[in-house]
There are 4 protein chains.
Amino acid sequence: MKEEKILSSVKDQQLIKVRREQIIKGAIKLFKEKGFHKTTTREIASESGFSIGTLYEYIRTKEDVLFLVCDSIHEQVRERIAQEIDLESPSVPNMMKAIRSYFYLMDEMQDEIVILYQEVKSLKKESRKHVLNSERDMVGIIENVINTCLEGKLSAQKVSLLANNIVVQGHMWGFRRWIMQKQFTLEAYMDEQLKMIEHAIK
Amino acid sequence: MKEEKILSSVKDQQLIKVRREQIIKGAIKLFKEKGFHKTTTREIASESGFSIGTLYEYIRTKEDVLFLVCDSIHEQVRERIAQEIDLESPSVPNMMKAIRSYFYLMDEMQDEIVILYQEVKSLKKESRKHVLNSERDMVGIIENVINTCLEGKLSAQKVSLLANNIVVQGHMWGFRRWIMQKQFTLEAYMDEQLKMIEHAIK
Amino acid sequence: MKEEKILSSVKDQQLIKVRREQIIKGAIKLFKEKGFHKTTTREIASESGFSIGTLYEYIRTKEDVLFLVCDSIHEQVRERIAQEIDLESPSVPNMMKAIRSYFYLMDEMQDEIVILYQEVKSLKKESRKHVLNSERDMVGIIENVINTCLEGKLSAQKVSLLANNIVVQGHMWGFRRWIMQKQFTLEAYMDEQLKMIEHAIK
Amino acid sequence: MKEEKILSSVKDQQLIKVRREQIIKGAIKLFKEKGFHKTTTREIASESGFSIGTLYEYIRTKEDVLFLVCDSIHEQVRERIAQEIDLESPSVPNMMKAIRSYFYLMDEMQDEIVILYQEVKSLKKESRKHVLNSERDMVGIIENVINTCLEGKLSAQKVSLLANNIVVQGHMWGFRRWIMQKQFTLEAYMDEQLKMIEHAIK
DNA sequence: GATGAATGAGACTTCATTCAT
DNA sequence: CATGAATGAAGTCTCATTCAT
């Protein structure tokens with residue numbers, strides 16, 4: 001975890017956690033509405049429920065907020081995936097179920113995913129690297145599911161590509177909602193994508 | 001075309017065109033490097049080769065520049081596609097060739113695509129709509145290719161989804177370069193994606 | 001003494017003294033390094049070994065710290081002078097010895113003197129007056145030495161001027177160290193200044 | 001000259017000169033009253049007769065203003081000295097006349113000298129060095145006068161010390177005005193200091 | 001008495017935009 | 001048409017001070 005690397009002048013670790021959660025929640029709400037750049041630190045503070053001075057007791061720069069947000073989004077995804085994608089036993093149908101769960105999750109987290117897509121570039125190198133690593137982990141999880149269920153029937157490259165495709169298909173439901181969600185219901189979208197995936201792994 | 005809707009205080013239409021091309025070229029260079037928000041109008045002016053005052057003779061607001069850029073990127077894609085994706089005759093191999101051409105194009109225009117992904121949300125409603133329409137057109141072109149080559153073997157929904165997948169796979173080569181281009185050469189990436197597509201349309 | 005005029009919410013006078021000494025010690029260290037304005041009250045508190053809240057139990061405003069520091073510096077000078085400049089008997093050689101002692105002292109207290117020169121103006125009228133009075137006392141002590149040793153050979157004005165010159169020559173060794181200490185050793189500096197003084201009183 | 005090293009986004013060099021003179025004049029007035037730290041950039045702008053935005057077209061940071069001010073003060077001193085201290089012929093009386101001129105000048109520029117004493121430390125290394133070099137030049141000028149008039153009767157060290165003493169005596173009339181100007185008229189101060197100097201060089 | 005989290009006024013600086021030349 | 005100096009709203013961040021625990 002990298003979050004601890006963000007310095008705070010407050011000592012109470014528990015309090016830091018609570019306050020940062022407030023910050024993240026407030027910031028995500030604002031970033032969804034207007035993006036990182038058009039959101040002011042004052043707005044973040046007030047949306048978080050405290051003063052600008054207090055905000056800066058828990059972060060160092062505005063960019064820290066963005067990092068906190070990006071990191072938290074990945075954290076949420078990770079948690080949810082861990083609890084929802086449980087492969088009772090390795091099999092193609094279970095793999096499909098897992099992917100379906102992932103798609104449901106991405107549907108719920110559309111706005112958060114859009115934030116990642118649009119704002120990660122505003123992080124500075126170090127933080128961006130960290131966030132991209134989390135993203136890489138996501139792909140890794142999907143790769144695992146595939147490998148487990150297909151028992152090595154596909155080459156490593158194919159698995160990697162397939163995993164990336166799945167991940168991005170989950171994202172595109174959200175970041176291309178203006179086109180996808182005009183033409184598909186979530187169920188139809190998932191059904192069709194899953195059919196194609198089934199073709200691909202045969 | 002929507003570009004004309006951007007007002008200019010200059011009368012000479014030819015000059016407007018020339019100047020705006022300078023602006024677009026300069027702005028794209030800067031947006032690639034630092035993004036829209038971190039680029040100043042002064043920088044755009046100077047990169048374009050004239051003064052800040054002159055810049056404002058050809059645009060009304062900074063956002064106009066973004067619109068000009070987004071529109072121009074789509075314009076470029078459209079042009080290139082028109083000249084490169086020519087289906088001599090409708091057939092699956094020719095469809096594959098066309099998709100391959102599209103992937104090559106997306107490889108060349110990576111940075112521009114990333115700009116679209118990251119900055120479109122900064123456009124205001126009206127302009128955003130216009131840009132998203134261009135994007136829709138892109139999908140339409142791919143759909144056409146598919147329909148022509150597969151002669152209606154797939155349902156409209158399937159075609160639409162496939163087209164969107166292809167379009168996004170072209171994009172992801174660029175906007176996920178930090179993971180894709182570490183694991184694949186462009187050729188390998190295209191080969192594998194095309195194989196999957198072939199499976200999907202069988 | 002004026003220090004008592006600085007209000008404290010703490011009752012225990014002994015404790016006040018101890019804490020204030022901590023404050024002064026910490027603050028002097030910081031003021032030497034970065035000056036009064038660039039030092040924060042938090043830094044003063046932590047350098048003093050306690051919390052910001054505690055700091056404010058013993059002072060009212062940041063300026064109080066500056067006053068405490070200025071006053072304490074003069075206090076130190078006074079003490080040291082009292083114990084080091086003892087004129088066994090009034091004579092020109094003893095006067096020279098006394099001045100030499102004063103120069104040694106000023107060498108040791110260079111940084112403190114620089115603080116006085118640079119920050120006194122940040123005190124508000126009342127406090128500044130008090131500090132300048134201490135400075136006046138310093139001159140008085142030197143005048144006394146001169147008068148005692150020269151037995152009224154010089155006019156009051158001459159004595160006053162000489163005393164001020166001596167005082168400032170002690171200071172300039174420190175506040176113009178970037179030029180004086182590049183060209184003179186302390187010994188050479190004192191020797192030459194003393195020679196000139198001898199000429200002047202002949 | 002170092003002033004050119006301060007960047008300005010304005011191109012017209014003549015205008016830069018004019019505006020900076022306004023800035024310097026306004027800033028000196030304010031620094032005299034409240035010191036550098038307690039003066040805000042907005043006050044400087046408005047005292048200079050333009051907006052905060054315009055101020056920042058001619059400087060980069062607030063510290064630049066301080067540097068401009070310090071440099072300008074030395075510049076003024078240098079100019080005035082050049083035109084007032086003209087040694088018709090080298091002789092002790094002419095040397096005394098020159099020193100007297102210097103004292104008059106320091107009387108007129110008291111407040112400026114006080115600014116130098118109190119704020120130079122707020123400059124960052126590079127600028128501070130430059131300013132101290134100007135100060136060194138001042139000493140050099142006085143040394144020259146002495147050497148010319150005394151034709152090498154004194155050792156280099158003695159000359160240097162004497163010059164520094166004279167320079168500082170000029171300053172102390174201003175920065176210790178609260179004690180000196182209570183006891184001396186300017187004339188008396190100069191007379192007495194000059195007498196002592198005469199003794200010292202005999 | 002000690003602590004330290006909370007506050008918010010206010011400081012510095014940037015930058016999109018205008019307009020006189 | 002082109003220029004670039006001027007503007008000032010607005011943004012980020014700091015820090016002296018307070019007060020509940």
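The chains referred to below are lettered A, B, ... by the order of the sequence lines, with proteins before strands, and numbering in each begins at 1. Here the structure is a predicted model, which is why all the values come from computation and not from measurement.
Distance CG (D/L7) to C1' (E/dT13): 16 Å, rounded to an integer number of Å. Atom CD of B/E63 and atom P of E/dC15 are 18 Å apart (whole Å). Distance CG (D/D12) to C1' (E/dT21): 13 Å, rounded to an integer number of Å. For the pair A/K11 NZ and E/dA2 P, the computed distance is 15 Å after rounding to whole Å. Atom pair C/K38:NZ and F/dT14:P shows a separation of 15 Å (rounding to whole Å applied). Rounded to whole angstrom, the span from the CD1 atom of A/I16 across to the C1' atom of E/dG4 amounts to 12 Å.
A salt bridge (charged side-chain N to carboxylate O under 4.0 Å, His left out) with D/K32 holds for exactly one of D/E47, D/E112, D/E119; it is D/E112.
In this structure, B/S122 OG and B/K124 NZ are separated by 11.5 Å, a value rounded to the nearest 0.5 Å.
The phosphate of E/dA6 has OP1 or OP2 within less than 4.0 Å of a side-chain N or O from A/Y58. The shortest distance between the side-chain N/O atoms of A/R19 and the OP1/OP2 oxygens of E/dA6 is below 4.0 Å. Phosphate proximity of E/dA6 to A/T54: absent, as no side-chain N or O sits under 4.0 Å from OP1 or OP2.
In this structure, C/T61 contributes its side chain and C/E63 its backbone to a donor-acceptor pair below 3.5 Å. Of the possible polar contacts, one joining the D/E43 side chain to the D/T40 backbone as a donor-acceptor pair under 3.5 Å is found. At least one donor-acceptor pair under 3.5 Å links the side chain of D/R20 to the backbone N or O of D/Y58. Although no hydrogens or angles enter the test, the distance criterion places a donor-acceptor pair under 3.5 Å between the side chain of D/D64 and the main chain of D/R60. Using modelled atom types, one side-chain atom of B/T39 and one backbone atom of B/G35 make a donor-acceptor pair closer than 3.5 Å. A donor-acceptor pair under 3.5 Å links the side-chain atoms of D/S48 to the main chain of D/I44, judged by distance alone.
Sequence order on DNA chain F of the closest nucleotides to B/E57 and A/R60 puts B/E57 first from the 5' end. Projected onto DNA chain F by closest heavy-atom contact, D/F50 and B/L55 fall at different nucleotides, the more 5' of which corresponds to B/L55. The residue among C/L15 and D/I59 whose nearest nucleotide of DNA chain E lies closer to the 5′ end is C/L15.
The cationic atom of C/K62 (NZ for Lys, CZ for Arg) does not lie both less than 6.0 Å from the six-membered ring centre of C/Y56 and within 45° of the ring axis.
No engagement by C/S9 is indicated, since no non-hydrogen atom pair under 4.0 Å with the nucleic acid exists.
Checked against F/dA6, E/dT18, E/dT7, the side chain of B/Y56 finds its nearest nucleotide in E/dT18. Taking every side-chain heavy atom of C/T61 into account, F/dT17 is the closest of F/dT17, F/dA2, F/dA5.
Counting heavy atoms from C-beta outward, B/D71 and B/H130 have side chains that approach closer than 4.5 Å. Here the side chains of B/K25 and B/K29 are not in contact, with every heavy-atom distance at 4.5 Å or above.
A donor-acceptor pair shorter than 3.5 Å cannot be found between the side chains of B/T54 and B/E57.
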Bracket string, DNA chain F, 5' to 3' - pairs by Watson-Crick or G-U geometry under 3.5 Å, | interstrand: .||||||||||||||||||||
Please list, pair by pair, any protein nitrogen or oxygen found under 3.5 Å from a nitrogen or oxygen in nucleotides 9-11 of chain E.
residue: E/dG10; atom: O6; partner: A/R42; partner atom: NH2; Å: 2.8

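For DNA chain E, no neighbouring residue in residues 26-35 of chain C is found when judged by any heavy atom under 4.0 Å.
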